[in-house]
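Whatever order the structure lists ligands and atoms in, that order sets their numbers, starting from 1. Only this structure's heavy atoms are used, side chains among them; waters, hydrogens and symmetry mates stay out. Heads up: numbering here begins at 1 and tracks the sequence.
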Amino acid sequence: MKYYSTNKQAPLATLEDAVVKGLAGDKGLYMPESIPSLSEGTINDMKNRSFHEIACTVAQAFFGDDIEPETLHEIVKDTLSFDTPVVEVDDNIYSLELFHGPTLAFKDVGARFMARLLGYFIKKEGLKQVNVLVATSGDTGSAVANGFLGVPGIHVYVLYPKGKVSPIQECQFTTLGQNITALEIDGNFDDCQALVKSAFMNTELNNHMKLTSANSINVARFLPQSFYYFNAYAQLDRMGKAGELVVSVPSGNFGNITAGLFAHRMGLPVKRFIAANNRNDVFLDYLETGKYTPRPSIATIANAMDVGDPSNFARIQDMFGIYGDPHKAICELISGYRFTDEEIAFTIKRVYNECGYLLDPHGACGYQALIQNTLDKEETGLFLETAHPAKFKGTVDKILDTDIEIPAKLKAFMQGKKQSVELSKDFADFKAYLLAQ
Ligand SMILES: *Cc1c(COP(=O)(O)O)cnc(C)c1O
């Protein structure tokens, strides 16, 4: 399979190139040249298959030309060391729990897959060490650091703003050791991101070491997310609930929903999708007006979705470019909802009290969108619960006036010893540090 850029100005890339480079030379996002389809028989049979088998079928369709089957199965198996259960929350409304991975957020799936795929290419091609630079405001750093932990041939540098991430988030990437180095930057998130960008553009640094990025624009991070859409379908099919499926995805950079749209294009019978947003609602605006106008992001209590210019919008537009009127085609399949912090808090409270289910602020948007969309009797609503509520303990405790329990997995991180390197926000310091490695 070859990969083209959404900007159409860069040459076609191999999977290896697309994964190692991340972004195409023309600053577009890589897309597979074709989206393979799975037969109705294959999809109907998924109810009889394990998550691992389902994921292998999907992975084979995308990556089968580029990786031998045994290796691909090994990568998939290693990635999915945890389950993604579907749980009933309300009448005809189900939660797809994506928080059972090592860092308790859905990003574990993409980060673990990408790490293993990159590790495979490094070994196969005998590449010298690849260095992953990732700037984080909290969640991405933990998923990437843990996903890449112990993968031979890769070193990860996590840049985070000193004093600006929660203690729970900080311990998820500062206590790991091995091939993970946490860099505590005396600045804010934008300073961290600027340092990473400057590093990618610096010739001397790039001659000294091989640098790459692991954010959601990477095809190896977003495509594997389609695995759990199929797995959710299989689970609902077993319950006789998969007939008319409406899927609601809490969205920020729109990587997760794009993976769902890929699954749909491959043949997954989803009736329609909902993009659930917090107050950062440029996508909803696009649905309503046909115009896409990026804006600076606004801080909300669902902070992993505080994105004012979702990078995967380019992929969605490209996917629907095959229709004469892409905007109309997008509107026919996807609707949008926006929620304020007050609405999110109200939803968390109501669902906790009335259904006994603890939502996180992101999943709450997904759930509430299904309620407001008023499903037909035959329809089943499925929302993606993208992180464990304990990751947002401060917010959730305040809303519910409780002291929610921190899962053992998260506690274990908190017992490790913090190790980080303190650096100023000056690029010269960061560069000198990297050159000395
Ligand atoms: C990253 C993230 C999102 C947004 O996912 P996108 O793929 O960027 O749309 C939603 N919820 C949580 C908890 C996240 O960490």
So, D281 and R295, do they make that salt bridge, N to O below 4.0 Å?
yes
With the threshold set at 4.0 Å, does a side-chain nitrogen-carboxylate oxygen contact exist between K2 and E33?
no
Got a salt bridge between D318 and K8, using NZ or NE/NH1/NH2 to carboxylate O under 4.0 Å?
yes
Could you tell me if the ring centre of F82 sits under 6.0 Å from that of H100?
no
Consider every N or O of P250 and every N or O of ligand 1, then say whether any pair is closer than 3.5 Å.
no
SB check K418 E184 (cutoff 4.0 Å)
yes
Within ligand 1, which atoms have a heavy atom of D139 less than 4.0 Å away?
15 (O)
Hey, are E170 and Y160 close enough side-chain-wise for a donor-acceptor pair under 3.5 Å?
yes
Geometry only, no angles: is N256 polar-contacting ligand 1 at N/O separations under 3.5 Å?
yes
Has ligand 1 got any nitrogen or oxygen that is less than 3.5 angstrom from a nitrogen or oxygen of A387?
no
Interfacing atoms of ligand 1 (cut-off 4.0 Å, heavy-atom, G255):
6 (P), 7 (O), 9 (O)
Counting only heavy atoms, which portion of K391 has something under 4.0 Å from ligand 1: side chain, backbone, both, or neither?
neither
So which protein heavy atom does atom 15 (O) of ligand 1 come closest to, and at what separation?
K107 NZ, 2.5 Å
May I ask you to decide whether D186 forms a salt bridge with K162, counting only side-chain N to carboxylate O separations under 4.0 Å?
no
When you look for heavy atoms under 4.0 Å from ligand 1, do you find them on the side chain of F106, its backbone, both, or neither?
side chain
State if S251 counts as touching ligand 1 under the rule of any non-hydrogen atom under 4.0 Å.
yes
So, K391 and D139, do they make that salt bridge, N to O below 4.0 Å?
yes
Say whether N253, considering both its backbone and side-chain N or O atoms, lies within less than 3.5 Å of an N or O atom on ligand 1.
yes
Distance from atom 4 (C) of ligand 1 to nearest protein heavy atom, with residue and atom:
G252 N, 3.6 Å
Does an N or O anywhere in T386 fall below 3.5 Å from an N or O of ligand 1?
yes
